[in-house]
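A short write-up of the structure that comes next.
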Amino acid sequence: MIARVTVTLKTGILDPQGKAIEGALKSLGVAGVASVRQGKVFDIELDGADRAKTEAALKEAADKLLANTVIENYRVEILG
Amino acid sequence: MIARVTVTLKTGILDPQGKAIEGALKSLGVAGVASVRQGKVFDIELDGADRAKTEAALKEAADKLLANTVIENYRVEILG
Amino acid sequence: MKAAVLVFPGINRERDMARTLRLVSGKEPAMVWHAETALPAKTDLVVIPGGFSYGDYLRCGAIAARAPIMDAVQAHAAKGGLVLAVCNGFQIACEAGLLPGVLMRNARLKFICRDLYLRVEHSDSPFTRGYNAGQVVKVPAAHGEGNYTADTDTIVRLEQDGRVLFRYAAPDGTLDPDWNFNGSVNSIAGITNEKGNVLGMMPHPENHVEGAIGATDGRGLFAGLVDTLGKAA
Amino acid sequence: MKTASVRKDDDVLRNKPKITPQLVAEHGLKPEEYQRILDLIGREPTLTELGIFSAMWNEHCSYKSSKVHLRTLPTKGPWVIQGPGENAGVIDIGDGLACIFKMESHNHPSYIEPYQGAATGVGGILRDVFTMGARPIACLNALSFGDVTHAKTRHLVSGVVAGIGGYGNSFGVPTVGGSVRFHTRYDGNCLVNAMAVGLAKKDGIFYAAASGVGMPIVYLGSKTGRDGIHGASMASAEFDDKSEEKRPTVQVGDPFSEKLLLEACLEIMAKDCVIAIQDMGAAGLTCSAVEMGAKGDLGVTLDLDKVPTRETGMSAYEMMLSESQERMLMVLKPEKEKEAEAIFRKWGLDFAVVGETTPSKRFIVRHGGDVMADLPIKELGDQAPEYKRPFVTGAKPKPVEALAVEPPASITEALEELIATPDLCSKRWVWEKYDHIILGNTVQRPGGDAAVVRVEDGPKGLALTTDVTPRYCEADPFEGGKQAVAECWRNLTAVGARPLAITDNLNFGNPERPEIMGQFVGCVRGIAEACKALDFPVVSGNVSLYNETNGRAILPTPSIGGVGVLDDFTKSATLAFKNEGDVILLIGETQGWLGQSLYLRDICGREEGAPPPVDLIEEKENGDFVRGRILDGSANAAHDVSDGGLLIALAEMAMASGIGATLEAAPDDIPAHAFWFGEDQARYIITVPAAQVDTVIARARNAGILAQPLGTTGSEVLAIAGEQPLSVVGLREDFEGWLPAYMAGETPPSN
Ligand SMILES: Nc1ncnc2c1ncn2[C@@H]1O[C@H](COP(=O)(O)OP(=O)(O)O)[C@@H](O)[C@H]1O
Ligand SMILES: [Mg+2]
């Protein structure tokens with residue numbers, strides 16, 4: 001199974017990276033950019049075909065390692 | 001408009017970070033992890049309501065800056 | 001030698017570099033702000049120093065590579081002018097397409113600051129003429145993303161054309177994965193472009209030019225440049 | 001701004017919501033403290049005002065439990081330009097230059113989010129230093145973590161070290177030294193103390209006091225967000241509807257912005273634009289604005305509508321209490337405002353006039369057409385509560401008789417075991433993650449007694465170190481306080497520097513408990529006594545109280561950060577043996593003091609007894625003697641003897657060089673393990689070329705100082721008469737191996 005975990009900063013948490021990228025896009029003249037926030041994705045291949053089990057494993061992975069839940073939220077999707 | 005640009009490493013490009021995470025997940029005992037690859041997401045707010053224009057701007061942003069097209073692929077989605 | 005040191009927001013080794021250029025060449029380099037669109041007249045060496053341009057946010061060097069001054073640097077390089085790109089400078093040069101390949105996270109994923117040994121691959125370059133081929137020099141490195149990689153074709157071409165100038169090595173010059181501390185392909189520490197006038201390297205020769213501060217092995221690189229470009233020019 | 005400077009009669013104070021006892025308590029204010037507020041302003045405060053009081057009167061800002069004791073510290077000296085009370089201390093180091101330095105804790109945030117907590121700790125202390133006009137030239141830190149077997153320890157070490165490196169490396173300052181310790185008493189409360197050192201022209205130092213009426217107050221740096229607003233939950237009555245998720249009070253550091261802020265600040269200072277400057281640290285806008293006004297005997301009016309924000313709908317309360325990082329407040333010379341603004345814009349930073357100074361001595365805050373606060377500015381600081389909290393002094397523990405301590409099977413085996421313990425092993429794993437060479441002035445890197453950095457192009461150098469031995473402080477706060485200062489002084493001396501001044505970072509538990517207050521008082525008295533005796537004033541510092549979890553306090557940990565000067569940095573001594581055949585001399589007296597020693601704790605499993613007493617006269621005499629020998633060139637290596645005792649110090653000298661030593665057996669009158677592992681104070685090891693030994697010993701004798709030959713350097717082993725020799729290479733493997741293995745998750749922790 002292939003899954004994706006997307007980790008994004010919680011609202012209100014400063015995102016220096018996003019801020020710098022926003023500035024760069026503006027000075028490159030990309031039209032209309034108002035704000036940028038950066039996050040991470042993890043594309044994970046898993047053995048086994050049990051959807052529920054896989055989801056549980058991914059949630060565990062995100063909680064334990066992939067996301068810093070003090071400042072980040074995450075979402076788990078099974079892609080197929 | 002809110003859009004998301006997802007940047008991932010091209011197949012075949014070595015991903016030391018993904019590898020390390022893969023190892024860590026395995027040693028944490030997360031069940032069934034076969035491989036991990038790490039990428040980035042950019043959540044971008046844009047002014048203006050023209051979908052085509054926005055998409056063009058995002059493609060421009062990705063080509064010019066957000067992705068290093070030597071090693072990375074990207075995908076643009078308009079979220080609303 | 002007329003050197004210009006580029007200054008991007010977040011660059012932080014520009015003073016180290018300027019001091020070394022002054023020390024070795026006897027001449028103050030020009031400090032050039034990233035928003036400029038031209039290099040000072042008669043610049044014959046452009047230096048892209050180390051640091052964390054734009055915080056190294058996004059990808060190291062990515063934002064700086066797109067700064068206004070970089071067009072002038074491209075033109076300078078295209079005319080055969082010398083460019084020395086160190087650490088973040090190397091990353092910027094790769095992002096700007098002045099050099100092939102990319103610098104990924106160190107294999108062990110950690111920022112590391114330590115002295116290491118570089119084997120000089122040949123001395124037939126303005127950047128290495130101050131050294132002997134095969135000489136081992138001790139210089140410090142301080143980076144988290146210096147793991148050089150490129151597609152196989154590029155690596156083959158770099159190797160065939162003698163464009164690898166420095167490799168991470170053991171103190172006796174042998175190549176050994178234990179001494180390739182960031183995991184670079186073929187232990188590559190520094191490469192040039194096709195014409196040989198742009199050098200990118202991760203370690204900091206500019207931090208080892210004074211005996212009283214540690215070592216002087218970095219001096220040869222700058223001495224070679226002064227030799228090439230002439231002291232007084 | 002013109003309209004805002006005075007509160008007109010028809011302005012309404014926004015007095016919503018009603019201040020309830022519960023709201024008061026949630027702001028950490030005691031009922032009697034709230035009464036003090038009511039008496040002071042003669043009415044019920046607004047919510048914003050309550051927030052302002054809680055920020056100004058909390059322990060962190062007001063030092064209400066510690067102030068009376070801190071006043072007893074010696075803070076003066078002919079070379080002291082600015083003692084405690086400003087953003088950082090300032091000392092004169094000659095040649096028209098000043099050294100500006102301070103240490104500060106970021107303990108709690110680092111426990112919650114180790115990377116960001118430590119990173120913002122470094123960011124905060126750097127701002128303290130460059131706010132005063134200094135370019136930072138070095139950082140140090142003092143880290144205390146829980147027991148290595150505790151489930152969270154690895155995670156905290158890894159995050160804290162990455163955070164310190166992440167911030168300092170990117171900002172571009174070398175992190176040149178520090179200390180790391182592990183103890184179960186820090187399990188639920190790690191300590192992250194960060195020190196920054198900067199350099200400025202003696203006549204180019206900037207202070208916080210505003211001057212002149214009607215001067216523009218300018219906000220600089222990053223935008224304000226809802227970062228670190230304490231217990232946003234508490235005012236939930238007001239904010240619940242707006243907050244879509246429970247906001248953590250974590251602040252995120254942005255070293256990139258801070259680097260820009262540094263360059264921009266130094267540029268406008270050089271252009272003579274600045275009258276007063278104050279960084280926004282704890283309690284951000286509130287503390288900085290009040291301090292500027294109060295110190296300058298002026299009122300301040302702020303117009304919050306002008307404050308750059310990065311989130312929408314921020315209330316006055318939130319803006320006044322936000323701890324967003326990388327921000328500054330300044331009073332600019334009005335004629336230079338445009339020039340200053342252009343510089344800030346060039347660096348891509350926010351610049352906004354947000355207020356002005358007034359003659360009223362009131363602190364007025366306006367937002368959205370309302371007056372949100374109108375308070376007497378001096379009283380906000382001056383009238384903060386001050387407590388003489390009751391304290392009890394514990395009984396002095398009894399000395400441990402050396403004969404009552406079990407000897408090891410073999411001295412060298414004990415050495416091998418000790419050298420690979422968490423506290424004594426090499427901390428290379430930590431300091432290799434810090435760029436310690438950037439700026440090109442690092443003469444002595446981490447790994448020695450004190451770091452040495454060249455001052456500008458030399459020949460002057462500064463020596464820097466952080467020290468404290470918490471287990472001594474726990475056993476006997478007074479002796480422990482003395483010892484922390486003495487060890488700091490000794491480490492500076494051991495590199496050949498003249499110790500000049502210290503900054504202190506006093507980390508303790510809950511001061512409302514008399515026994516904790518007793519530790520605090522004892523340590524401060526010890527520090528004061530040692531500083532006086534060694535002519536080593538305190539010029540800045542920080543107090544961190546309430547470091548406890550579930551009623552268990554941390555070990556009392558008064559970290560001392562010291563600065564010394566070398567007239568010629570090339571004369572600094574390192575601890576590495578230099579040649580074969582040099583004579584090893586022990587300076588100072590050895591009784592074999594095992595109480596509170598690491599031998600007793602880590603080999604025998606006993607953490608007990610009185611700590612070694614510190615004789616300050618002896619410290620001074622021995623140290624002055626050693627410094628003299630370093631500077632006259634007769635000593636070619638020097639090292640102080642501290643944690644682990646004599647044999648550990650000798651092993652460190654051998655490992656640093658690869659050269660071994662042949663050592664005589666311990667004298668008959670001291671048990672061998674007490675001789676080799678005792679932690680008697682005021683001692684150093686120096687090595688002297690054979691030809692000069694007699695002269696050095698004679699000089700020592702004349703000065704009434706004990707200089708005892710221990711053996712000679714040479715070979716590749718450490719050989720003690722009658723013991724199995726140990727290979728230096730093998731010892732180094734043990735020494736270097738422990739921490740990397742532990743962090744890789746491999747090691748069965750040794751004890
Ligand atoms: N957190 C740290 N950061 C940087 N350097 C450190 C750190 N911890 C220890 N070191 C370095 O390791 C060496 C040994 O530390 P320590 O045993 O505390 O020395 P000492 O006993 O002389 O005070 C010192 O040079 C110190 O600067
Ligand atoms: Mg020491």
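Computation of the quantities below employed the complete heavy-atom set of this structure, encompassing side-chain atoms and omitting hydrogens, waters and symmetry-equivalent molecules. Throughout, protein chains are lettered first and strands after them, A, B, ... in sequence-line order, and every chain is numbered starting at 1.
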- Item | Under 4.5 Å from any heavy atom of chain D - which part of C/D115 | both
- Aromatic ring centroids of C/Y54 and D/F256 under 6.0 Å? yes
- Rounded to the nearest 0.5 Å, how far does CG of C/N12 lie from NZ of D/K259? 5.5 Å
- Main-chain N/O of D/G440 paired to C/R15 side chain as donor or acceptor, under 3.5 Å: no
- To the nearest 0.5 angstrom, please state how far the CG atom of D/N169 sits from the CZ atom of C/F52. 5.0 Å
- Query: Of the backbone (N, CA, C, O) and the side chain (C-beta and beyond), which part of D/F171 lies under 4.5 Å from a heavy atom of chain C, both, or neither?
  - Reply: backbone
- Task: Flag the one option from D/E258, D/Q444, D/R428, D/K346 with the top tally of heavy-atom pairs under 4.5 Å to chain C.
- Result: D/K346
- Least distance between heavy atoms, C/Y57 atom then D/D254 atom: OH-OD1, 2.7 Å
- Does NZ or CZ of C/K110 lie under 6.0 Å from the centre of the six-membered ring of D/W429, at an angle within 45° of the ring axis? no
- Message: What part of C/E210 gets within 4.5 angstrom of chain D, counting heavy atoms only: side chain, backbone, both, or neither?
- Response: side chain
- Item | D/N441 backbone acceptor or donor facing C/N207 side chain under 3.5 Å | no
- Could you check which of D/T570, D/I438, D/V443 has the highest count of heavy-atom pairs closer than 4.5 Å to chain C? D/I438
- Query: Do the side chains of C/R13 and D/I437 get nearer than 4.5 Å, heavy atoms only?
  - Reply: yes
- Turns out that what part of C/D16 lies under 4.5 Å from chain D's heavy atoms comes down to side chain
- D/L260 versus chain C, the contacting section by heavy-atom distance below 4.5 Å: side chain
- Side chain, backbone, both or neither: which part of D/S170 has an atom under 4.5 Å from a heavy atom of chain C? both
- Within residues 173-189 of chain C, residues adjacent to chain D where the heavy-atom gap is under 4.5 Å: none
- Measure distances from C/H208 to the heavy atoms of chain D and classify the residue's part below 4.5 Å as side chain, backbone, both or neither. side chain
- Query: Is it the case that more than 12 heavy atoms not belonging to D/E716 sit under 6.0 Å from its CD atom?
  - Reply: no
- Between C/R108 and D/E432, is there a salt bridge with N-O shorter than 4.0 Å? no
